[in-house]
Amino acid sequence: SPPQGYYTRRGGVGESGDFITSPEISQVFGELIGIWYISEWIAAGKPKAFQLVELGPGRGSLTDDILRVFKQLASLLSKCDISIHLVEVSPRLSEIQAQMLTGGKVQSSPRDDAVYMKGVSKTGIPISWYRDIQDVPQGYSFYLAHEFFDALPIHKFQRTEKGWREVLVDEDPEVSDQLRFVLAPSSTPATQNFIQPEERREHVEVCPEAGVLVQRLAHRLEKDGGAALIADYGHDGTKTDTFRGFRNHKPYDVLKTPGMADLTADVDFSYLRKMTQGRTATLGPIKQREFLKNMGIDLRLQVLLQNSQDMATQEQLRHSYDMLMNPKKMGDCFNFFALLPHHRLAQPDQRENLQPRAPLVPVAGFSELSLQ
Ligand code: SAH
C-alpha cells in the first residue's frame, strides 16, 4: 500500500540508494531512447503534438537525457507541441525529479488534484506530475516505463497435487520483524482469476497491476496513437521464482524488516502481451544489448570517446558501455518491449488508403538498422 510502501518511504534509486539504473550509469541510454521516440514520430508522419508520459521516473535522469535529445533536434521538432507527463507516487522522488528537470521551479497543487505539481523544463517544455496514469490527458502519446513494472506487487502461486495454491505471507510467530511464506490451504480468488488455463510452469508469479496498466496503455494507443516502450529485466513466460530484495546494492531477504528493502520480480512479458488483448501490436522482448546495438550505441560511444579530452572520462565511458552491454551485466537480463498501433506493423497490402507497395518503415531498435 503506497502510504507504507518502500517507494513512498524510501525510494532508494541512485548511487547512494539501494539500486542504480541504466539511465544513471550512462547518458547514452536515455539519448538512444529519445531517438527511438523521434524515429516513431517521423514514421507516424510527424504529428503536430505529442505527450511523453513516463511511469515511475525515479530521479528523472531518463527524461532529462531525452529532453536533451529533443533540444538538439529542435529544428526538426520546431512545429511540434511537446509536453511531459510524469506518473510518480513518491513525494520524495517527485521533488528530486523537479530539481533535475526544472531546477526546482515548480508549482504544487492542493493534495486532491489530479495534477499535483507543474513546472517547465530547463529546455522550455511543460511538465506535469500525476499519481495515476488515468489522470494523464488523452491524446497522441509516447509512453515510457523503465524499471517500473518490476517494482509492482506480485501474486505467487505453486502447483500442488490438489491444484494451484497461492503462496501467502504472514508474520513469523517466532522472530519479530520477520515474515514467512505459507501455502494457502485452499484455492483463493487470485488462484481462480490470475492463472492462465494453458499454464505449464510449476510456480508462477503474476502482477495484476501490470496487467491493468498494459490494458490501459493498449486502449489509449488504439484510440489516440503513439507508442509504448517498456524496458525491464524479465522473461517471456519461462521463469518461475524471481521475487527478490535489495538493500544498499546487496541482495536482501524479502521477508526481513518489511518496507526497508527494494522488492522486485522479473517482468513476465508474455503476460503483458496477453493483456494487450490484441488491441495493439507488440515487439520484443529483445535483449538490451541487441536493442542498444540496433539503435547505434557503438557509433555514439566512438563519438563521445573522440570528443572527450581526458583518460578518466574515456575510461568512464568504456566502463558504462560495458555495464549496459555485457551479457553478464545488464546486456542480457534487461529486455525491451514495445506496444504499437496495428497499422504501424501491418503489411502494406493489408493497409487501406495506402499504395499497395508503399515501403514499411522498420521500427528502430527491434531490427538491425539498414542505412540506405
Ligand atoms: N525509471 C527510473 C526509476 C525506476 S524505480 C529509472 O530507471 O531510473 C521505480 C519508480 O516507480 C520510482 O520512481 C517509484 O517511486 C515509482 N513507482 C513505484 N510504484 C509506483 C506506482 N504504483 N505508480 C507510480 N509510480 C510508482
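Every number for a ligand or one of its atoms is a count from 1 in the order of the listing.
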Q: Can you tell me how far apart CZ (Arg165) and CD (Gln158) are? Round to the nearest 0.5 Å.
A: 11.5 Å
Q: Do the ring planes of Phe336 and Phe291 sit parallel (below 30°), tilted (30 to 60°) or perpendicular (above 60°)?
A: parallel
Q: With a 4.5 Å limit on heavy-atom distance, are the side chains of Trp41 and Leu76 in contact?
A: yes
Q: Check ligand 1 against Val87 and write out every atom of the ligand that is under 4.0 Å from a heavy-atom position of the residue.
A: 24 (C), 25 (N)
Q: Could you tell me if Glu202 and Thr240 have a donor-acceptor pair between their side chains, going purely by distance under 3.5 Å?
A: no
Q: As an exercise, identify every atom of ligand 1 less than 4.0 angstrom from a heavy atom of Leu93.
A: 12 (C), 13 (O), 15 (O)
Q: Just how far is it from atom OH of Tyr321 to atom CZ of Arg300, taken to the nearest 0.5 Å?
A: 14.0 Å
Q: So for ligand 1, is Leu55 a polar contact partner (N or O within less than 3.5 Å, distance only)?
A: no
Q: Within the 3.5 Å criterion, strictly below it, is a donor on Glu54 or Thr63 matched to an acceptor on the partner's side chain?
A: yes
Q: Does Gln97, backbone or side chain, put an N or O under 3.5 Å from an N or O of ligand 1?
A: no
Q: Would you call Leu144 and Tyr37 a side-chain contact if the rule is heavy atoms closer than 4.5 Å?
A: yes
Q: For ligand 1, is Leu62 a contact, meaning one of its heavy atoms is under 4.0 Å away?
A: no
Q: Would you mind running through ligand 1 and noting each atom that sits below 4.0 Å from a heavy atom of Glu54?
A: 1 (N)
Q: Below 4.0 angstrom from a heavy atom of Thr21, which ligand 1 atoms are there? Numbered from 1 as shown, please.
A: 6 (C), 7 (O), 8 (O)
Q: Pull out every atom of ligand 1 sitting under 4.0 Å from any heavy atom of Ser90, numbered as shown with elements.
A: 15 (O)
Q: Using a 4.0 Å heavy-atom cut-off, say whether Val89 meets ligand 1 through its side chain, its backbone, both or neither.
A: both
Q: Hey, does Glu209 sit under 4.0 Å from ligand 1 if you only count heavy atoms?
A: yes
Q: For ligand 1, which is the ligand I care about here, please tell me if Gly56 has any N or O atom under 3.5 Å from one of the ligand's N or O atoms.
A: yes
Q: Name the orientation class of the two ring planes belonging to Phe142 and Phe50 (parallel below 30°, tilted from 30 to 60°, perpendicular beyond 60°).
A: perpendicular
Q: With heavy atoms only and a cut-off of under 4.0 Å, state how Pro23 meets ligand 1: side chain, backbone, both or neither.
A: side chain
Q: If you count the atoms of ligand 1 from 1 in the order shown, which ones are under 4.0 Å from a heavy atom of Gly58?
A: 2 (C), 3 (C), 13 (O)
Q: Could you tell me whether the side chains of Trp164 and Glu199 share a donor-acceptor contact shorter than 3.5 Å?
A: no
Q: If you measure from atom 9 (C) of ligand 1 to every heavy atom of Arg92, Glu88, Glu147, Glu24, which option wins on shortest distance?
A: Glu147
